[in-house]
Amino acid sequence: MEYWDGMKAIAPELWLTGFALLALLVDLLTKGRNSRTVGYVTLAGLGVTALALMGQSERVTAFGMVEVDAFGRFFKLFTLAALAVVCVFVMSDRRERQHGIGEYYFLLLGAAVGIFFMVSTNNLLLLVLGLELLSLASYSLAGFHKGNKASAEAALKYVIFGGLSAGVMIFGISLLYGLTGTIDLAEMATLGGEGLPRGLVSQLAASPIPVGIAVTMVLAGFAYKISAVPFHFWTPDVYQGAPTPVTTFLAVASKAAGFGALLRFLGVMFVRGDVQGLVADYGGQVGLLIAVLAAITMTVGNVSALGQSSLKRLLAFSSVAHAGYLLMGVATMNNEGFSAALYYMAAYYFMNLGAFGVVLYFEGVNGNDHIDSLKGLGRKAPLVSIVMVAFLVSLTGLPPTMGYYGKFLLFTAAIDNGMTWLAVIAGLNSAISLFYYFRIAKALFLEEPSDESVPRTQPIFTGMLTAFGVCTVLFGLYVSPIMQWVVSSMDLLG
Amino acid sequence: MDLRKQQIAFYTALLFGALAAMGWGLKTAGIQGAMFGFFASFTLGGGLMCIWERSVVRSAFSLMATFCGVAGLFILLGHDFLAMAQILIYVGGILVLILFGVMLTPPDLNERQLPRVGLGVVAVVGALAFVGAKVAAVVNWAQAETLPPAETKAEQIGAAFLRADGYVIAFELAAVLLTVALVAAVYIARRKPSDLIDLTEEGGY
C-alpha cells in the first residue's frame with residue numbers, strides 16, 4: 001500500500017507524464033500530419049493535471065523524496081498556466097509549421113515533469129534529475145528550428161553553458177554529501193554533528209570554508225537556471241535565437257522553476273525553524289552573497305538592455321534584471337522576503353507572458369523583432385499596443401500594476417532587513433529601465449508608420465493578450481487574492 | 001628542448017611519480033596501499049596525459065587509463081558492481097563515442113594539433129592546488145568508522161531502486177529523462193526536408 005499512497009500523492013506528476021506519452025502516441029498515430037490535435041491533447045493534459053493539483057490539500061512526503069505542499073503547488077500551477085499559454089502561442093504562431101511538430105508538445109510536457117519534481121523535493125538527487133530533465137528538453141526546444149542558424153547556435157550555446165554549470169552544481173552537491181553523508185537537505189540542516197549521517201554543524205564548527213565552497217558551487221547551478229550574473233551569458237543569444245514560444249517558456253516557466261528550487265534549497269537548509277543555530281547563522285552570510293549577486297545582476301541586466309535593437313534581446317536582458325530584483329527578496333533569508341519574491345514571481349508570470357506574446361504578435365506582422373519595425377503600430381493595431389504599454393509599465397514597476405506592488409514588497413523586505421543599499425541600487429535600476437522600456441512605447445505611438453498595410457486580426461490571440469493586460473492592472477489594484485495565495489503558499493518554512 | 005626530449009622527460013616523470021606513490025602506499029598501508037597508489041596514479045596520470053598529448057586520439061585513449069583507474073579504486077572500496085558499471089559506461093560507452101566523434105570529423109592535421117598547455121595554466125592550477133590543500137586540511141569529511149560490508153551486490157542495488165522507501169522515484173524519473181532525451185536527440189538528428197526550411201528567413205508561409 002505504500003506505493004499506492006505515494007502514487008496518490010504524486011498523481012499530478014503521473015497525469016502529466018501520462019499525457020506526455022499520449023501526446024507522443026497521438027503524434028505517431030496521426031503520422032505527424034496533424035500537430036494541432038497533439039496541441040489539444042497537451043492542453044487537455046495540462047487541464048487534468050491542474051485539477052489533480054487543486055484536489056490536493058494535505059501535506060505529505062511521498063516515497064521519502066517528494067514533498068507535496070502548498071509551496072510546490074504555487075509553482076506547479078503557474079507552470080501549467082504558463083505552458084498552456086506557450087501551447088496556444090505555438091498553435092497560433094503564424095511563422096511556425098502546423099504539421100510534423102508533435103515533438104514540440106512532448107518536449108514541453110517533459111520539461112514540465114522536470115519542473116514539477118525540482119520544485120517539490122528536499123532530496124538533492126531528485127533535484128538534479130528534475131533540473132536535468134528540464135534542461136535537456138529546453139536544449140532541444142531552443143534548437144527546434146533546425147534550418148535556422150540562430151536557432152542552432154542558441155541550442156549549442158545553451159548545451160555548453162548548461163553542461164558546465166550542471167557539472168559545477170553536481171560537484172558542489174558531492175562536496176555536501178561528503179561533508180554530511182546524506183543528500184537530504186532537511187537532514188543536513190537539522191541533524192547534530194555526531195554519527196552518520198550528520199548535519200552541516202560538524203563542519204561549520206571546525207571551519208565554514210568547505211561549506212562555503214560547496215554552497216557557492218550549488219548556487220552556480222541555480223544562477224544559471226535563473227540567468228543571474230555571472231552565469232547569464234547564454235541568455236541573450238538563446239532568447240533571441242530560440243523560437244519565440246520557447247523563449248517565453250524559458251523566460252517564464254524555466255526561470256520560475258529555478259527560483260522555486262532555489263527558495264526551497266535555501267529555505268530548508270538555512271531558514272526553517274528547526275535548523276541548527278550555526279547553520280542558520282551561516283545562512284545570513286549566504287544571504288549577503290546573494291544580495292551582492294542581486295545588485296550586480298540587476299545593474300548588468302539593465303545597463304546591457306539600453307543599447308539593444310532587437311525586442312527579444314531587450315526582453316532577455318530585462319529578464320536578467322528581473323532575476324536581480326527577485327534575488328533581492330531571496331537575499332533577506334526570511335519569510336517576508338521569500339513571500340515578496342513569490343508575489344513578484346506571480347507578477348512576473350503575467351507581465352512576461354504578455355510581453356512575449358506581444359513580441360510574437362509583432363513578429364507575425366513584421367517578420368522580425370526589431371524595435372524600429374514597430375513604428376506606428378500603435379495606430380494599426382491599437383488594442384495590442386495599448387496592452388503592451390500596460391506590460392511595459394508593469395515591468396518598469398510603476399503603479400497601478402502588479403509589477404509596482406511586487407517591487408514595493410521587495411523594496412520593503414530589503415529595507416526591513418537592513419539592506420537599504422540594495423533597495424537604493426534597485427531603485428536606480430528601475431529608473432534606468434524606464435529608458436529602454438519606453439523606447440518601445442515611443443516607437444509604437446509617437447512615430448509615423450513606414451507603410452499603410454493593416455495587420456490581419458487574430459481574435460483568440462489578441463483576446464488572450466488583452467486578458468493578461470487586464471490581469472496585470474487589475475491584480476495590481478486589487479492585490480489581496482494573489483497576496484492571500486502567496487501567504488498560504490509559504491508553508492515551506494513552517 | 002626539442003619535442004622528443006620533452007616527451008621523454010614527461011613520461012619519465014610520470015613513471016617515477018607512479019612508483020613513488022606505490023612505494024609510499026606500500027610503506028603506510030601495506031599491499032592495499034600499494035594498490036591504491038597504483039590505481040590513483042593511473043587515474044591522475046591518465047588525466048595529465050590527456051592534457052599533455054597534442055593528438056586528440058592519444059588524449060582520448062589516455063582517458064581510458066583514468067576511467068580504469070577509477071574502476072580500480074571502486075574495487076578497492078569493495079564496490080565491484082560500481083566498478084563494472086564504470087568500465088561499461090565510461091570505457092565502453094563514452095570513450096567509444098569520443099573516438100567516433102574524432103573519426104567522423106574531417107582530418108585536418110593543422111587543427112588536430114592542440115596547443116600545448118602554457119605556463120600560465122600551470123601557474124593557475126598550482127595556485128588552485130595550494131588553496132585546495134589549505135582547504136582540505138580543514139575539511140571534516142563524514143567518514144564511517146569501519147568500511148561498509150563489502151557485499152553491495154547488484155541484487156541489493158536493484159531492490160533499493162524499486163523499494164518505496166528507496167530510490168524508486170529517482171529511478172522512474174531517470175526513465176522519463178532518458179525518454180525525453182531520446183526523443184529530443186532523434187528530433188535534432190532527423191533530416192526531413194520540412195524540418196530544414198528556414199522559416200524566419202522566409203517570413204512564414
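Lettering of chains follows the sequences in order, A, B, ..., and the numbering in each one begins at 1. Quick caveat, the model's predicted, so the values are computed rather than measured.
Residue A:Thr180 touches chain B through its backbone alone, counting heavy-atom pairs closer than 4.5 Å. Only the side chain of B:Val168 comes within contact range of chain A, with at least one heavy atom under 4.5 Å from a heavy atom of that chain. Residue A:Phe63 touches chain B through both its backbone and its side chain, counting heavy-atom pairs closer than 4.5 Å. Heavy atoms of A:Ile213 lying under 4.5 Å from chain B belong exclusively to its side chain. With a 4.5 angstrom heavy-atom cutoff, A:Val66 touches chain B only via side-chain atoms. Residue A:Leu125 touches chain B through its side chain alone, counting heavy-atom pairs closer than 4.5 Å. Neither the backbone nor the side chain of A:Leu109 comes within contact range of chain B; no heavy atoms are under 4.5 Å apart.
A donor-acceptor contact closer than 3.5 angstrom is absent between the side chains of A:Gln203 and B:Trp141.
With contacts defined as side-chain heavy-atom distances shorter than 4.5 Å, the pair B:Met22/B:Met35 does not qualify. With contacts defined as side-chain heavy-atom distances shorter than 4.5 Å, the pair A:Glu13/A:Ser120 qualifies. Considering only heavy atoms from C-beta on, A:Leu133 comes within 4.5 Å of B:Leu173 through its side chain.
Among A:Ala150, A:Pro197, A:Gly130, A:Pro210, the residue with the largest count of heavy-atom pairs under 4.5 Å with chain B is A:Pro210. Heavy-atom pairs under 4.5 Å with chain B were tallied for A:Ser140, A:Ala137, A:Gly178; the largest tally goes to A:Gly178. The candidate from A:Leu24, A:Leu129, A:Leu136, A:Leu107 with the greatest count of non-hydrogen atom pairs under 4.5 Å with chain B is A:Leu129. Per-residue heavy-atom pair counts under 4.5 Å with chain A were compared for B:Val138, B:Thr179, B:Val186, and the maximum is reached by B:Val138.
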Q: Show your reasoning for whether side-chain contact (heavy atoms from CB on, under 4.5 Å) applies to B:Cys68 and B:Val91.
A: CA-CA 8 Å; B:Cys68 290; B:Val91 181; 4.2 Å; yes
Q | B:Tyr167 and B:Phe161: CA distance, side-chain angles, deciding distance, ring pair (Phe, Tyr, Trp, His ring centres under 6.0 Å) verdict | A | CA-CA 5 Å; B:Tyr167 295 92; B:Phe161 272 154; 7.1 Å; no
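Of the possible donor and acceptor atoms, none in the side chain of B:Lys134 sits under 3.5 Å from a partner among the backbone N and O of B:Ala129.
Taking the six-membered ring for Trp, A:Phe249 and A:Phe89 have ring centres at least 6.0 Å apart.
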